[in-house]
Structures are given as C-alpha cells and as structure tokens.
Engineer: 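To start, I am sharing the structure in question, which I have written as structure tokens.
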Amino acid sequence: MADNDLEELRAQRMAQLQAQYGGGGGGAGDKQAAQEEKMRQQAEMKNSILSQVLDQQARARLNTLKISKPEKAEMFENMVIRMAQMGQVRGKLDDAQFVNILESVNAQMPQNKSTVKYDRRRAAIDSDDDDEDYGC
C-alpha cells in the first residue's frame, strides 16, 4: 500500500515539474508521460496479481530475490503471472511451491560456469628450490 502512495506522489511531482519547466514543450513530453503512465499501470497490475497469488513468506522471498538477482526475479514474476492467467495456480502459493517454481526458472536460465586454471609447474619450482639457498 505504501508503494501505491509513493507512486502517486511521484506522479504528482512529475506533473509539477512538467508544468514548472515547460510541460507544453511539444509531443515528446506527452509521449514520454504517456509511456511512463503505461509503465506505471503495468507495474501496478503486476504487483496486484503477485499479491493475490503469493502468500506473505513467498512475497518476502521474492523481494530478497529481487535484491540479489533481479533478472531471475523478473523471470519468476513473469512465470507466476502467466500461470495465474492460465488458471494453473489454485489459491496462494506458499514458500515450498515458490521454491519449486524457482527451480524450474533456474533450469530455464543459461548457466555460466567459470573455470579456474592453476599452473602447477610454477608453484612447484618455488617450493623445492628454497632449501638449497640456505646452505643446509
């Protein structure tokens, strides 16, 4: 609910700034305002669907995921919204169901595997040769 209030304040402030700095500056400002309004409405619709589909713990886990991996959270949100629109979600998703869906999202995402190459020959040269330098 606080998000909606924040969005309303942002919209009011944007209207004030546009009026103050020449909001009638042409069609570009109108197109941008219309695009921002459309984006805001889509975000509101997305949030309302997610709040209807996810329970409290699942929402908390989704917010944590958004902070750490925003692209994965975006894929998860889109998948859950599609499932809800097609009628595959019955009731609210709990934390265990959230994890199952997240695992399927992980399977769909491309995996970036990095490898570390360690050159043993250089490390071996330094380890045995040190005894001869001290004259023991």
Side-chain angles (χ1 to χ4, degrees):
M1 291 182 205
D3 291 340
N4 292 336
D5 296 336
L6 183 61
E7 291 298 323
E8 289 175 10
L9 288 173
R10 285 183 181 162
Q12 289 174 358
R13 181 68 179 146
M14 182 65 76
Q16 287 175 352
L17 289 173
Q18 286 177 350
Q20 183 178 3
Y21 295 108
D30 293 338
K31 283 184 181 179
Q32 184 179 5
Q35 186 179 10
E36 288 176 2
E37 179 65 23
K38 185 178 177 182
M39 296 279 288
R40 188 183 64 78
Q41 287 176 351
Q42 287 177 348
E44 278 184 29
M45 188 170 66
K46 185 185 217 182
N47 286 333
S48 68
I49 291 173
L50 289 173
S51 65
Q52 292 172 2
V53 174
L54 301 175
D55 70 351
Q56 189 79 17
Q57 290 178 337
R59 281 292 278 187
R61 187 180 285 254
L62 178 60
N63 289 335
T64 304
L65 184 64
K66 278 184 185 180
I67 292 170
S68 62
K69 300 190 180 208
E71 57 278 342
K72 190 179 288 189
E74 186 73 26
M75 283 185 68
F76 176 83
E77 288 175 345
N78 292 337
M79 181 178 272
V80 169
I81 289 171
R82 268 187 281 131
M83 288 173 63
Q85 289 173 342
M86 294 190 320
Q88 295 177 348
V89 177
R90 307 235 189 271
K92 289 194 172 207
L93 295 175
D94 62 355
D95 198 43
Q97 293 168 329
F98 181 97
V99 170
N100 289 336
I101 294 172
L102 189 60
E103 286 175 353
S104 65
V105 169
N106 285 340
Q108 292 177 1
M109 289 190 73
Q111 299 293 324
N112 294 333
K113 293 189 177 187
S114 61
T115 59
V116 176
K117 188 173 182 180
Y118 181 73
D119 190 2
R120 295 179 188 207
R121 286 178 275 162
R122 284 192 197 147
I125 292 171
D126 292 336
S127 65
D128 293 335
D129 292 339
D130 290 338
D131 294 337
E132 296 173 3
D133 293 340
Y134 294 114
C136 295

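All of these numbers come straight from a predicted model, not from anything done at the bench. Position 1 is the first residue of the sequence, and the numbers go up from there.
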Engineer: Taking atom CE of M39 as the centre, report whether more than 12 heavy atoms of other residues, nucleotides or ligands fall under 6.0 Å from it.
Structural biologist: no
Engineer: Show me the side-chain donor-acceptor pairs of residues 67-83 shorter than 3.5 Å, one per line, residues at least two apart or across chains.
Structural biologist:
{"unit_1": "S68", "atom_1": "OG", "unit_2": "T64", "atom_2": "O", "d": "3.4"}
{"unit_1": "S68", "atom_1": "OG", "unit_2": "L65", "atom_2": "O", "d": "3.4"}
{"unit_1": "K72", "atom_1": "NZ", "unit_2": "N106", "atom_2": "OD1", "d": "2.8"}
{"unit_1": "E74", "atom_1": "OE1", "unit_2": "K46", "atom_2": "NZ", "d": "3.4"}
{"unit_1": "E74", "atom_1": "OE2", "unit_2": "K46", "atom_2": "NZ", "d": "2.7"}
{"unit_1": "E77", "atom_1": "OE1", "unit_2": "K46", "atom_2": "NZ", "d": "3.1"}
{"unit_1": "E77", "atom_1": "OE2", "unit_2": "K66", "atom_2": "NZ", "d": "2.9"}
{"unit_1": "N78", "atom_1": "ND2", "unit_2": "E74", "atom_2": "O", "d": "3.3"}

Engineer: I'd like to check Q56 versus R59 (side-chain heavy atoms, cut-off strictly below 4.5 Å). Are they in contact?
Structural biologist: no
Engineer: Taking the side chain as C-beta and beyond, is there a heavy-atom pair between R61 and V99 under 4.5 Å?
Structural biologist: yes
Engineer: If the threshold is 4.0 Å, N to carboxylate O, is there a salt bridge linking R40 and E44?
Structural biologist: yes
Engineer: Has the side chain of Q97 got a donor or acceptor atom that lies under 3.5 Å from a matching backbone atom of D94?
Structural biologist: yes
Engineer: To the nearest 0.5 Å, what is the distance between CG (D95) and CG (L62)?
Structural biologist: 11.5 Å
Engineer: Where do A58 and L93 come nearest, in terms of heavy atoms and distance?
Structural biologist: CB-O, 3.7 Å
Engineer: Using a cut-off of 6.0 Å, state whether more than 12 heavy atoms not belonging to Q35 lie near its atom CD.
Structural biologist: no
